[in-house]
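Before any comments, here is the structure.
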Protein chains: 2
Amino acid sequence: MEQRTYNQYCATARTLDLVGERWTLLLIRELLTGPKRFGDLQASLRGLGTGLLAARLKHLEREGLAHKITLPPPARTPAYALTEAGEELGPPILELARWGLKWAMGERRETETFHPGWAVLGLRACFDDAAAAGLRAVYEFRIDDEVFHARIDDGTIEALHGPAQHPDATITISQEAFLRLTGQGLTLTEAIETGAASTSGDSEALHRLKGLFRLPPSHPRKADRPAS
Amino acid sequence: MEQRTYNQYCATARTLDLVGERWTLLLIRELLTGPKRFGDLQASLRGLGTGLLAARLKHLEREGLAHKITLPPPARTPAYALTEAGEELGPPILELARWGLKWAMGERRETETFHPGWAVLGLRACFDDAAAAGLRAVYEFRIDDEVFHARIDDGTIEALHGPAQHPDATITISQEAFLRLTGQGLTLTEAIETGAASTSGDSEALHRLKGLFRLPPSHPRKADRPAS
DNA sequence: CGGCATCCATTTTGATACTG
DNA sequence: CAGTATCAAAATGGATGCCG
């Protein structure tokens, strides 16, 4: 069963041969915030059946982009994690996300699903290295029933699923409000003032947090605007 | 005919809804080096039939990523060009190309096609902004029967199909050798020494040219290496 | 040449039922 | 849960044929 290829000696085409099939980049997006189990992956990717998910995971394993692991005790359950090559698809994916933030976001549609992890990735996409120069802090985000943490270290950011070991500050916020932080121009300050978010921990770290992310100016395409 | 969507309120997914279908990103890659005619696009994309090409182009038009233009006299023939939104897919595509250069290139396979324009994009992917600080120069590349030009201006690069207006220097090189400049670690100096390339024009500009591009260290995935 | 329409063989996908 | 097996629906590719 030969797999389909563009048959082009071109770096972009070769990359798309590996990760350009439907669902593949979104699967990697899920794994960018940390290892995930089969069931969690499927729950995040509505419309992707178990058969195709299994096939995609097998493909990623075969190509050395992900591997199957066993979660540490007491879980001991199987999960999937990215390899180094897989992790390095982060920059291209974030670049696609930046484009989307600028040209394709707008309002959430009725039929669209949403998971806090996506907005966490949105934070990474909006992260302003320059503004984080000299800062070293760990933040924990509690969004409805999911927990993430972001480790900022002098211009770099790492954002993963799960609690932080020693957070400098903790932000508790509703999923609803959190998606507006990246999707629309809502600021953390405003979210706190309206009671949608609450914070605790080092107030200096919290103050710095507010300036770390810069949304690209949203610029809907002609096709997105309602016909006149 | 409802178009398929991931139905996720996520910048990456929204982007892939627009450009994630088969051929679409490669089509945009072709247009990144300048407007192209229907026939030229099809010639570059072996395996893409006229029907699907027409459908993809229509989709890009509808979504405001490309538009149909009429080439200036004396050509007067129709062609397709990117809109601003389409142009801005350059960074994500170059990021995918950088990943591919590092993790997926290796030797050219027998069945793979190749076009100089792809390697020109490879140059953009390898461009080192810092090394180009303070440089302002226009280079013309003549690769077999195709001509490109690159305009460098203080850390920025623009690489387009077609001759330059007032090139500071001209590089004539075989397609064969040119693809090794980005695909393998061949340096321009070596290419000249072996007679695969010749240059003319401002020698200072030519000297600066040699330091402008940095290949990522090639790092084949486990799956790429032959089984032991 | 540019571009759409049609027909058809193959793949890919989506959805669901089923097994350890 | 994790993952296979199965089947129907959709997307692709390739070959033409047509029309300005």
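Chain A is the first sequence line, chain B the second, and so forth, proteins listed ahead of strands; every chain is numbered from 1.
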What is the distance, rounded to the nearest whole Å, between atom [atom1] of [X] and atom [atom2] of [N]?
X	N	atom1	atom2	value
B:Arg76	C:dC1	CZ	C1'	17 Å
A:Leu45	C:dT13	CG	C1'	14 Å
B:Leu52	C:dG3	CG	P	15 Å
A:Leu48	C:dT16	CG	C1'	14 Å
B:Arg37	C:dG3	CZ	C1'	13 Å
B:Leu53	D:dA11	CG	C1'	16 Å
A:Tyr80	D:dC1	OH	P	15 Å
B:Leu57	C:dC4	CG	C1'	12 Å

OP1 or OP2 of [N] under 4.0 Å from side-chain N/O of [X]:
X	N	value
A:Lys58	D:dG3	no
A:Arg4	D:dG13	yes
B:Lys68	C:dG2	no

Do [X] and [Y] have side-chain N/O donor and acceptor atoms under 3.5 Å apart?
X	Y	result
A:Trp99	B:Glu88	no
A:Arg62	A:Gln3	no
A:Trp118	A:Glu30	yes
B:Arg29	A:Gln8	yes

Classify the nucleic acid contact of A:Arg46 as base, sugar-phosphate or nothing, counting any heavy atom under 4.0 Å across all strands shown.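 No contact at all - A:Arg46 keeps every heavy atom at 4.0 Å or more from the nucleic acid.
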What contact category does B:Gly47 fall into here, base, sugar-phosphate, or nothing, at under 4.0 angstrom with non-hydrogen atoms?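 Sugar-phosphate contact only.
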Nucleotide nearest B:Pro78 when distance is taken to its side chain, options D:dG3, C:dC4, C:dG2: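 Selected nucleotide (nearest to the side chain): C:dG2.
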Pairwise side-chain contact, A:Glu63 with B:Trp103, heavy-atom cut-off 4.5 Å (strictly under):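 No, side chains not in contact.
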Report yes if the side chains of B:Leu31 and B:Glu87 come closer than 4.5 Å at any heavy-atom pair, otherwise no.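 No, side chains not in contact.
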Using a cut-off of strictly less than 4.0 Å between a heavy atom of the residue and any atom of DNA chain C, enumerate the qualifying residues of residues 17-30 of chain A by number.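 Result for residues 17-30 of chain A: A:Arg22, A:Trp23, sorted by number.
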Salt bridge (Lys or Arg N to Asp or Glu O under 4.0 Å) between A:Lys58 and A:Glu61: does it pass, once the steps are laid out? CA-CA 5 Å; A:Lys58 203 154 285 182; A:Glu61 279 188 80; over 6 Å; no
Any N or O donor-acceptor pair linking the side chain of B:Thr50 to the base of C:dC4 at under 3.5 Å?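 Indeed, a donor on one side and an acceptor on the other fall under 3.5 Å apart.
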